[in-house]
Amino acid sequence: MGVAWGIVVLALSLLCWGGQAVSWFAPSTAVKLTLMEAEDSVDPSYFADIRGEALWDTLTLWTMAASGVLLAAGNPSWAYFGLVGGGMYVYFAGRGIVTRLTMQRHGRRIGTRQNVIVAFALLTVWGVMAVITIIAAVVALATR
């Protein structure tokens, strides 16, 4: 299970971290890849929020990918990265969902219906991945 879950965590977290890195460093590319909405198609406050989020996530979300690599390699320090990265991904997913819902309720433009649905789905997947990883890390640390 360790190797398989490590690969899952690595793949899903690299998708998230990589998407945020592209969104920060190459926003026009991110728009073409539908990783983010074009500035002129969303509310200015929402665009500012996702740009700031992309920078912060690029700096911090690598911890979950590190956990996946370490878990797949059988290194017990994966659990520490899993706790930190898991906590960050729970926050990332929760904040992303709640912010989008709140902005929608206030009539803010946050993107096309299809992109919003994909965002909700991916945020949910990343949140669930984070919770599972946190639980596994706690179990791993408790059984040492």
Side-chain angles (χ1 to χ4, degrees), residues 1-75 77-141:
M1 155 125 180
V3 172
W5 187 247
I7 292 169
V8 168
V9 167
L10 177 61
L12 289 175
S13 59
L14 282 179
L15 177 66
C16 179
W17 178 84
Q20 292 295 72
V22 170
S23 295
W24 175 250
F25 289 111
S28 60
T29 301
V31 170
K32 288 176 189 167
L33 296 172
T34 67
L35 298 173
M36 65 183 265
E37 300 289 345
E39 184 172 5
D40 60 354
S41 69
V42 295
D43 191 274
S45 59
Y46 180 71
F47 187 79
D49 182 67
I50 61 173
R51 290 288 291 145
E53 184 179 63
L55 171 58
W56 184 248
D57 293 345
T58 299
L59 296 172
T60 61
L61 293 183
W62 61 269
T63 52
M64 194 65 139
S67 175
V69 168
L70 293 168
L71 180 57
N75 186 319
S77 63
W78 78 267
Y80 301 107
F81 284 91
L83 288 174
V84 172
M88 295 171 93
Y89 271 70
V90 166
Y91 175 81
F92 169 77
R95 181 191 182 283
I97 290 169
V98 171
T99 298
R100 283 167 177 80
L101 288 173
T102 301
M103 288 194 172
Q104 277 183 326
R105 285 189 193 121
H106 285 80
R108 303 290 188 254
R109 293 176 301 131
I110 63 168
T112 65
R113 178 172 166 70
Q114 180 180 348
N115 286 355
V116 171
I117 290 169
V118 169
F120 283 138
L122 288 172
L123 288 165
T124 300
V125 166
W126 289 319
V128 169
M129 173 196 69
V131 169
I132 292 169
T133 302
I134 290 169
I135 292 168
V138 168
V139 169
L141 292 170

Compare every heavy atom of Val3 with every heavy atom of Ala72, then report the nearest pair and how far apart it is.
O-CG2, 3.5 Å
Is any side-chain heavy atom of Val138 closer than 4.5 Å to a side-chain heavy atom of Leu83?
yes
Who are the side chain to side chain contact (heavy atoms under 4.5 Å, CB included) partners of Ala38, not counting sequence neighbours?
Val31, Asp40, Ser41
Worked verdict on Leu122 versus Cys16 for side-chain contact (heavy atoms from CB on, under 4.5 Å):
CA-CA 9 Å; Leu122 288 172; Cys16 179; over 6 Å; no
Side chain to side chain contact (heavy atoms under 4.5 Å, CB included) filter on Leu101, not counting sequence neighbours, yields Ile97, Gln104, Arg105, Phe120
Leu123 vs Phe92, side-chain contact (heavy atoms from CB on, under 4.5 Å): CA-CA, chis, key distance, verdict:
CA-CA 8 Å; Leu123 288 165; Phe92 169 77; 3.5 Å; yes
Residues Val9 and Ser13: closest non-hydrogen pair is O-OG, 2.6 Å
Should Met129 and Val8 be marked as a side-chain contact (heavy atoms from CB on, under 4.5 Å) after you check the CA-CA gap, both sets of side-chain angles, and the distance that decides it?
CA-CA 9 Å; Met129 173 196 69; Val8 168; 5.5 Å; no
Please answer whether the main-chain N or O of Ser67 pairs with a side-chain N or O of Tyr80 as donor and acceptor at a distance below 3.5 Å.
no
Scanning both residues in full, the closest heavy-atom pair of Ala137 with Ala79 reads CB-O, 3.5 Å
Tell me, with the steps shown, if Phe81 and Met64 meet side-chain contact (heavy atoms from CB on, under 4.5 Å).
CA-CA 6 Å; Phe81 284 91; Met64 194 65 139; over 6 Å; no
Tell me, please, which residues at least two apart from Leu10 pass side chain to side chain contact (heavy atoms under 4.5 Å, CB included).
Leu14, Ala65, Val69
Selection residues 28-38 - residue pairs positive for side-chain hydrogen bond (donor to acceptor under 3.5 Å, both in side chains), sequence neighbours left out:
Glu37-Asn115
Below 4.5 Å, heavy atoms only, C-beta onward: do Thr60 and Trp17 meet side chain to side chain?
no
Can you list every pair that meets side-chain hydrogen bond (donor to acceptor under 3.5 Å, both in side chains) and has a residue in residues 125-138, with sequence neighbours left out?
Trp5-Thr133
I want to check something: taking the side chain as every heavy atom from C-beta on, are Tyr46 and Arg108 in contact at a cut-off of under 4.5 Å?
no
Quick one: does Arg109's side chain have a donor or acceptor within less than 3.5 Å of a partner on Val42's backbone?
yes
Residues 47-54, side-chain donor-acceptor partners within the protein, below 3.5 Å, at least two apart:
{"unit_1": "Asp49", "atom_1": "OD1", "unit_2": "Arg95", "atom_2": "NH2", "d": "2.5"}
{"unit_1": "Asp49", "atom_1": "OD2", "unit_2": "Arg95", "atom_2": "NH1", "d": "3.4"}
{"unit_1": "Arg51", "atom_1": "NH1", "unit_2": "Ser23", "atom_2": "O", "d": "2.6"}
{"unit_1": "Arg51", "atom_1": "NH1", "unit_2": "Trp24", "atom_2": "O", "d": "3.3"}
{"unit_1": "Glu53", "atom_1": "OE2", "unit_2": "Arg95", "atom_2": "NH1", "d": "3.3"}

Any donor and acceptor pair, going by atom type alone, linking the side chain of Thr63 with main-chain N or O of Val84 inside 3.5 Å?
no
Spacing of Trp78 atom CH2 and Leu70 atom CG [to the nearest 0.5 Å]:
10.0 Å
